[in-house]
Structures are given as structure tokens and as C-alpha cells.
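Structure, as C-alpha cells:
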Amino acid sequence: MKIGRRGFLSFVIGGAAGTALSPLPWKLMDDSSIWTQMWPWTPVPEDGEASYVNSVCTLCPGHCGITVRKIDNRAVKIEGMKGHPVNNGGICLLGLSGLQLLYGPMRVKTPLKRTGKRGQGQWEKISWNDAVSEVVEKLRDIRSEGHPQTVGFISGFDRGTVSRLFERFLTAYGSPNFMRMPSVRDSYELAQYLMQGVQALPGFDFENSDFVLSFGSGLIDGWGSPVRMSRVHSAWQSAGVKVIQIEPRLSNTAAKSDKWIPINPGTEGALAMGLAHVIVKESLYDADFIENNVEGFFDWKNLVIDKYSPDTVASITGIDSRTIVVLARGFANASKPLAVCGRGNGTTPVNIDECMAVHALNALVGNIHKKGGVWAVSEPDYINWPEIEMDAKAAAGMQHERLDGAGSKTYPFTRYLLPRLPETIDPGEKNPLQALFVSGANPLYTHPDTQAVRNAFDKIPLVVSFSSYMDETAQNADLILPNHIYLERYEEVPTPAGMIEPVIGLSRPVVEPQFNTRHVGDVILQMAKGLGGSVAKTFPWDSYDSCLKETLGDLWNYLIDKGFWSNTGAMPPFFGTSYETASGKFELINKDNGSIPQFKPVSIEGDEKDYPLLLIPYDSMRLACGFIGDPPFVMKTVEDSILKGKDVFVELNPKTARNQGLREGQRVVLTTPKGKAEVKVHLFEGIMPGLVALPRGLGHTGWDEYLAGKGINFNTLIGPVEDPDSGLDAAWGIRAKLEKA
Amino acid sequence: MKEGRTHKRFQKFGMVIDLDKCTGCGSCMVACMAENNVPFRKDESNKLLSITWMRVYKLTNGMPFPETDVCYLPRPCMQCAGQHEGHSPCVSVCPAIATDYSMESGIVSQIYTRCFGCRYCMASCPYHARYFNWWDPIWPDGMEKYLSPNVSPRMRGVVEKCSFCFHRYQRAKDRAYMEGRRELQEDEYQTACTQACPAGAITFGDLNNPKHAVSEMVEPDPKHSGRPKNPNAFRLLERLGTNPKVYYLSSREWVRRAGDNYLKNEKKVKKPVHHG
Ligand code: SF4
Ligand code: SF4
Ligand code: SF4
């Protein structure tokens, strides 16, 4: 859609009738009066040739297609890309604010080296060559001492060429410690692995289901690919799809659902088992599917019948037994029902029992790999790189267990367990982590028990951040090697979170890099070259761009031309081959490790005597709580019942407030076993009595003055609670108390 | 010179916002800010001072737990036509003709250089759609690069508001003229919020054109100043007679009632009578 703007302007001005009818003169008069009045302090944006560039937004795992409008070499507006399979023209508010990140004050403009103490904010500029040499030297020392496994890498993402380069680098160097940021994907991956025997992405065919049962998933509050989910939600509204939301607080998702069923927090898994009880007892399950595709049904059936009667479940969940029965029948009798879990926006895992119980519901109604069901989506397979060159040091390093315990004897099937890292960083002996790289992640903000994580980081001799922005992790690093932001670099982005159709998008430079930044892929290649030997040989590419081009092959031109590739009409995996379990079926009982869907309560921190209330987080599209913080525009949308000045409000049921002797707007101290913070009270009828809710996404210390210092970071008030079966962080809340300030 | 003025058809651009679909995500607010060079300040939590041409309000039904319900309501400028086309509350009070009603498009304009900041219009607008620039806009160093040349940044002392992205109308018209066309296709002129809304909750078009989706959705009744015939549709503060061009759809009765001020014991919204 390229039009010579200047061309038609002159035409219009030339045509008398056109001018008479056109509003253009008004506009020109308006403009000229502005210019003649000369307000020197108000910028007059320069006009120029308009053009459009198609790319992909990677600010969240949604991976929407974007079209960026440019005036000469300035990017002036980001819009959703029409015809894109994820968002078809729509775009979220964070994606819309991308240019504030591009041109904003939160950018790290050049490589920086810490001069003061960690976190003091004293930096000196350093050249790229010096910065990379410094890192290489340190890495060479660690390796020659024979401890390559003490180098770790935390990445926000683990798919696509950039993440694969990180992993490849670590492997060739000799460390198994590549760690992905936690999310509900961890739980789903593990559940799918245990029940279906596959390592795959969880995909949900929401577009085609007719009854959606959500165990607290904020389906329109940022869960999965947010714009896709908004579109799905509208389609549900038009088609009259039943959506049932189960959670203790009236989220936007709950408000928009057909029925909101409040539940005692943390008992979602029990409800799933109770529903299974009714479905099994009343023989509402898909007998065909169970018979042909499911293993272990009879054993599980006994467990379900024995232990999860509606009355028992009612006493655990607080939902009356009649509702449980009706809900189970509604779910089982729908033609394409779908059950889904993952609280809020899904950036925290749920315990494996809960995930398996919910997944088992889907199996009961036979909607695994069916239209409107849950799919194990395989990755598009386009990265075929030569074997990694492993010298003896690398081979020895790779023999070590991962520091986070993933893949260990205790947690053999879990892939990443980042929240366990802090406790393994032992100050006593020689630190098992000598150097840590962080990219596309902000663990010092997003990790539960932020203070403990920070203490752990303080003990790591070298912390290198690749962040483009001055986030909390960058603030506390030794070196910042700033990456180009997504609008300045090439990167292919595979299948967005939760989609069933494989999509590959291409992020491409919309504008020249604005500052002295460098593509993180290039920095990795440079580091490998600097180390020499087998590590260097593992990376035969001159630059990241050439690596990407070569990797994509024919796909490159296709992506350059169209912006994305998608396999629309992707077919569900063929049944015979889609279960790679020992039995070749969907296993309700995994014989290898005995895992079986059931309900095991997560014991959250704090005792009721000292902490009479329960603190839970909540998520909103208007508060980014991942590795990106709210840009100024997004901050403008935050309601004054959430943030006023620097004060954040906690939500409290008026009944709870009355019991505690508190009123609207009152300043209180919120204390948990992990921390203390001053907040204000906001009365909200939509929250279960006895609970306190605090939004995630505030309380930053990094970024810019538009975001920093406002509100409280939820993660400073909560710690991880390890799920004994999977090692995943299963904390859904923490006990708390409120006192008048 | 291809056609005379005789074929001139007045348009009445309007908007229908489906509150069942709206998720309250706030994209429309930001799309508007990004499109229209809306400034921002360090603290935007005082909503009386925070300039948001499009603002999404949160409505609650006021019922106790667990009967509570919430609905979001996006509020642009309603582009009120008034009882007699052109008598918008704000236009009628402006001493400087800085704000005017366009008979051609039905859009209420705001000409910043004429505005001297008396703020009568703000007082007269029942929808709080107008904002005053108490300060000069300041963009952090370098950020002014993203400013659009299509919309003039405003200065201290003037009032601003949603323009239905009027510059997009101009742009679309310019393009159509260049191609020798007089009429715009429905999708040629769409506001930034409409385009961005992830939920597709906003529909924009010409209320005078019965074929446009907006007309089909709400069935405006020309005999009753455009009051909607669709029972699920309503306008904000209908009884003030401001004759707004923004319509809302909701299947929830309490939401429709929240759109106007009713006496406590007043019964259901009176449905407009259908005149054959
Ligand atoms: S939903 Fe995610 S990927 Fe899409 S525009 Fe928003 S931030 Fe970007
Ligand atoms: S962008 Fe759409 S869904 Fe989001 S708040 Fe605005 S109207 Fe509602
Ligand atoms: S909504 Fe307010 S500003 Fe807009 S036309 Fe009506 S009175 Fe004027």
C-alpha cells in the first residue's frame, strides 16, 4: 500500500473542484496558523514520504504481525497487520506503545560497565570490543580451570534461532545451564510429556470449541497470545459459546464469562477431580475415545469415585455440590468442550497435579487432538545446524547436573526450574555459578522473592545483561551489552503461545539501530570466535543475519516478502503416532513414575494465626509484568483505583474491610512472611472475603521515571513454593495481614 | 470539476461499541494517543488532568459478592449533533468558534490556534470528553521522533478532544479524489481505535448510509434524533438530547441502564416506538 503522498497532494491542490470540496484548505489553514504563530516550545513534526514496514511484535509471546508507518526514516505509528493469522489488524496497547520503547529514555544506549557497587547505578561507557573481550577473558579463565558448567544463561524464550544460539554456545562451551523463564507452559509441557509422551507446545483450538471451562486462566487478561484471545472472545460472544470462569476474584475474564464460579484459591485441581467424578459416575465420558486411546482409565476411575465425590469437593472448594454436578454435565454434554488452566496471564506455572487433572478432563471428553480441543503442537522444524563440536572440556562440563535440578533424579522430566536457582547459589563454598548471562528476561523483577534472588545474584562473580532497556536485572549487572530492540533487528519468531497452527514470523529492522547497540546473536558469534577452538568451530557464520538467512533457506525470501509463514488448516497429529508413551496411548497413569491426576493442596507460606488473610496477585492487560514494563502510554491507562500517585491499591471485599476495621482509601501496611509494603485499600465486591489482591506489574526500580517508584512489586511479597512432584513453583498466593499505617 | 455540488451527500460518521465484546484492554486509548500525538506526564493518576481523548470507564453493577459484575465502557467524543443538527453542547458555548460542527461529516472539530482556553466547552460537555492543556507537552529527548506530522501537537492553554481521527478522513478523501472518486468506501476511513481494537468491538461508519454496518447494527431512527431502534443499543445520557453519534450495544440490562441517569424506582428503559 504505497502511495506517493507528495504526488497526490499536488494533484489535489491543482484541481479546483477538488480543493473546494476537500477539507484540505482547513487543514492547511490550521497548520499555517500554527506555524505563523510560532510556538517554539511545541514541536512541529516534520512531514515526509510515508511508507509501511511489516514485522512482528515480540514484546510478549503473542507474536502479533505489525505494520509500522514511517515518515522518511522516522517510525511514527505501529499498527496491527491485516491478514496476519494471529491478530488480523488488531493490536494490544503494549504493542501500540513500541515506539516509546524505541525512542524512549529507558534504552541502554551503549555497552556499559559497572564502576560502583552492584546496583548503585554507576557506569562507564565501554567499547563493544572491550566489552566482549572482557567477557571472553572471563569465560576462558573459567573454562581453563575446568568449570565450564558454572556458566549459566537465562533466556525469556527458548525457541527460534536466537535462543538456539544461546543453547548451542553453552553446550559447545560445556554448560548444561540454559534456563528458560517460568510460565504455565512448564506445567503443560510436563503434563503432555507424562500423559502423551511428547515434548510439544500446548495448543488450544479455542476458535472451534463450544464450551470453555477455565480454571482461573485470564483468557482476556493476557493469557496466551493476547490479541488472538481477544478475537476468540469476540467470536465466542457472537456464537454464544459458553465460557465458565473459575476463580476467587472477578477478573475481566470472569466478568465477561457466562458464569463466574468463585472458588477457594488453590483448590482448582480438586474441582477438576470432582467434575471427573460426576462425568465418570454418570458415564458421560467419550467411551470410544477412552477405550481406544486411553490407558489406565479403570485405576484412575476408582480413585476418582473413591475420593472426589461432589460433597467432598464442595467442602474443599467452597462450591456447592449441586453446581459441581451441573457444571460437569454441561461440560461433558457439550459437543466440543475444552478445559484449560494457568492462573492469570499464565506467567506462573501451576502444580503438575492440577495441570494433569485439568488435562484429564479433556481426555475424558475425548477432545485431545480434535477440532475444538487441546493439541500437542510440534515445532516447525527448520533449524538444521551442523553437529556441535565438543572438545573434552565441553564433554566433561555437560556431564554435570543442571544447577536448577531440572532433569535430575528428583525431577527427571521437568525441563527448566529457574525459581530453584537462588537456593543452589551457596555463599559458603565455591559458587557453582561463576558467570550468568540474561537475555529477554528480567528475573530481578519477575521472580518471586525478589530480594532472595538479588542476594543470590550478588554472589555470582559476573552478571552480564543483554537488555535493551535499563531494567532491574540490567541495573544489577556488571556489564550491559545492549541488544537492538525488536524494531531494529532481524529475528524469526516461531509459533505464538497457545496457537494450534504453526506460524513463523519475521521481525525485521523497521528503522536503523538508534544507538550503539548490537544484535545479541552477533555478540554470541563474537564471543565464540574469541574463545576459539571447538567453540568457534561450532559457529561457522559471519553474522547473525547470514546465519538466519542460511537457516531459513527458501523460507527467507518468503518471509521477507510476506512477513510470516503459516500452516493454516494444520491437521491434528494422527492418533496412531501422536502418543509416544509406553502404551502408545494417552496415559492417565504414567507407569514410569506413577504420576496420576489427583488433588494435592499446595501448602502456601505463613500460618493463619499471624496472617489471617490470603494475598493473591491479579493481572491486567494494562500492566505489563514480564520482561517489559509499562511504557508511558500504557501507564496512562492504569485506573486511579489501582494507582494514585505512587500508591497502589489492594482490593478487599467490603466485608473483609469491615472485619478489619478498614475503609476505602485507607493507608495500610501489608505484611507477608516474605515482606512488607505500604498500600491503600480499595473496596471491591468482586473479590472473595478473606482475600487481598494486588496487581502485578508495578513497583519497578528500573525503566524510566514514568514507571519507576510507583506501587509495589508483587514478587517482593511472595516466595516460590516447590511442587514436590515436579519442582515447579506452585505458589498461587501467600498468607498476609493488613494493619493501619 | 467532474461533478457539481448537487450530488453532495452529507455523511454522519458515527461509532457503535459492542460492550459485550469489549474486554477493557485499553488498546483503543493507546491507539488514540499514538495516532494523535497525545502527550503524557510523569504522573497520570489524576484522571481530571490526564489527557485521554478515548477513555475506558469501568462500570460495576454494585451488587455484593458473588453477584458482582463489571463492564467496560470506552468513551470517545460523542460528536453530539444536538437537537437541531449542529447544536452540540460544546459548539454552542464556544465564544471563539474554535470548535465547530461539520455538516459534511458530522464531526465536531477543535481548532487549537483559535482556542484561548476559556474552557466553557469543557463545562458544557456532559461526557467529560474535553481536556485542557495545563502544561506544555514535553517529550523526553528523542521521543519526539515518533510524532505524526498529520496531527499538530497542542500547546499549553488550549482544549483538545477526540476528532474521530479527522486527519484520516482527509487522507482517505485526498486519496479518493486522486483516484477520481467522490465517495469513500466504508473501510477507507476508520478511526485509529476502531482499527486497533483487538476484540473488534468498535464499528465505525456513516450513520446516514443504511448500508454501513453502524446503521445496520443500531438502526438509528431519524424521526427521533437518531435514537436506536435496536433494543440492545443505547446512547449515553440519551435524555439530555445531545444526540450523540456514539452508540453502545449490551445484552446486559444493568449496563444499558447505567448509560443514563434513572430514578431509583424507575422501570425499564422505554423502547423507542417503531414508526412504520
Ligand atoms: S499481544 Fe504481545 S505480541 Fe501482540 S502486540 Fe501485544 S505485546 Fe505485541
Ligand atoms: S480496544 Fe476494544 S476491547 Fe480494548 S478497551 Fe477498547 S473497545 Fe474495549
Ligand atoms: S461529547 Fe462533549 S465535546 Fe464531544 S461533541 Fe458532545 S459535548 Fe462536544
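What you see is a predicted model, and the numbers here were worked out from it, not measured in a lab. Chain letters run A, B, ... following the sequence lines, proteins first and then strands; every chain starts at 1.
- For A:Ser251, no part lies under 4.5 angstrom from a heavy atom of chain B.
- At most 12 non-hydrogen atoms from other residues, nucleotides or ligands lie less than 6.0 angstrom from NZ of A:Lys259.
- When heavy atoms are compared at a cutoff of 4.5 Å, A:Glu705 approaches chain B by way of both its backbone and its side chain.
- Salt-bridge annotation for A:Arg249 and A:Glu651: present, with a side-chain N of the basic residue lying under 4.0 Å from a carboxylate O of the acidic one.
- Only the side chain of A:Lys710 comes within contact range of chain B, judged by heavy atoms closer than 4.5 Å.
- For B:Leu19, the part lying near chain A is the backbone, with the side chain staying farther off; criterion is any non-hydrogen pair under 4.5 Å.
- Not less than 6.0 angstrom separates the ring centroid of B:Phe164 from the ring centroid of B:Tyr169.
- Between chain B and the residues A:Met635, A:Met621, A:His233, the most heavy-atom pairs under 4.5 angstrom are made by A:His233.
- Using a 4.5 Å cut-off between heavy atoms, A:Val638 touches chain B through its backbone atoms (N, CA, C, O) alone.
- Residue contact with chain A, scored on non-hydrogen atoms closer than 4.5 Å, involves the backbone and the side chain of B:Asp43 alike.
- When only modelled atom types and interatomic distance are considered, B:Thr99 and B:Arg130 share a side-chain donor-acceptor pair under 3.5 Å.
- Judged by distance alone, the side chain of B:Glu160 and the main-chain N or O of B:Arg154 form no donor-acceptor pair under 3.5 Å.
- Between chain B and the options A:Asn88, A:Val232, A:Ile91, heavy-atom pairs under 4.5 Å are most frequent for A:Ile91.
- Note on B:Glu144, B:Met29, B:Lys47: by heavy-atom pairs under 4.5 Å with chain A, the leading option is B:Lys47.
- Classification of A:Lys644 and B:Glu44 as a salt-bridged pair fails, no side-chain N sitting under 4.0 Å from a carboxylate O.
- B:Arg168 and B:Glu35 are joined by a salt bridge, as a carboxylate oxygen and a charged side-chain nitrogen come within less than 4.0 angstrom of each other.
- For B:Phe13 and B:Phe204, the gap between ring centers is short of 6.0 Å.
- Ranked by heavy-atom pairs shorter than 4.5 Å toward chain A, the options B:Ala196, B:Gly142, B:Cys28 are led by B:Ala196.
- The contact between A:Asn653 and chain B is made entirely by side chain atoms (from C-beta outward), counting heavy-atom distances below 4.5 Å.
- Here A:Lys636 is the residue among A:Arg74, A:Arg231, A:Lys636 with the most heavy-atom pairs under 4.5 Å with chain B.
- Highest contact tally toward chain B, considering only A:Lys82, A:Lys655, A:Gln100, A:Glu46, is held by A:Gln100 [criterion: heavy-atom pairs under 4.5 Å].
- For chain B, no part of A:Trp236 is nearby; none of its heavy atoms comes within less than 4.5 Å.
- The local environment of CG in B:Leu49 is crowded, with over 12 non-hydrogen atoms from other residues, nucleotides or ligands closer than 6.0 Å.
- Within the 4.5 angstrom heavy-atom criterion, no atom of A:Met229 approaches chain B.
- When A:Gly95, A:Gly222, A:Cys64, A:Ala75 are compared by the number of non-hydrogen pairs under 4.5 Å with chain B, A:Ala75 comes out ahead.
- Heavy atoms of A:Pro631 lying under 4.5 Å from chain B are absent altogether.
- At a 4.5 Å heavy-atom cutoff, the contact between B:Cys25 and chain A is made by backbone and side-chain atoms alike.
- Between A:Leu691 and A:Thr656, every side-chain heavy-atom pair lies at or beyond the 4.5 Å cut-off.
- Here the CD1 atom belonging to A:Ile78 is positioned 11.0 Å from the OH atom belonging to B:Tyr146, to the nearest 0.5 angstrom.
- At a 4.5 Å heavy-atom cutoff, A:Leu102 makes no contact with chain B through either its backbone or its side chain.
- In terms of heavy-atom pairs under 4.5 angstrom with chain A, the leader among B:Lys42, B:Lys58, B:Arg41 is B:Lys42.
- Contact of B:Asp18 with chain A is not made at all, since no heavy-atom distance falls under 4.5 Å.
- Comment: B:Arg55 does not engage A:Glu639 in a salt bridge, judged by the lack of any side-chain N to carboxylate O separation of less than 4.0 angstrom.
- When each of A:Ala255, A:Gly90, A:Gly104 is scored by its heavy-atom pairs under 4.5 Å with chain B, the top score falls to A:Ala255.
- A salt bridge between A:Lys77 and A:Glu79 is present, with a side-chain N of the basic residue lying under 4.0 Å from a carboxylate O of the acidic one.
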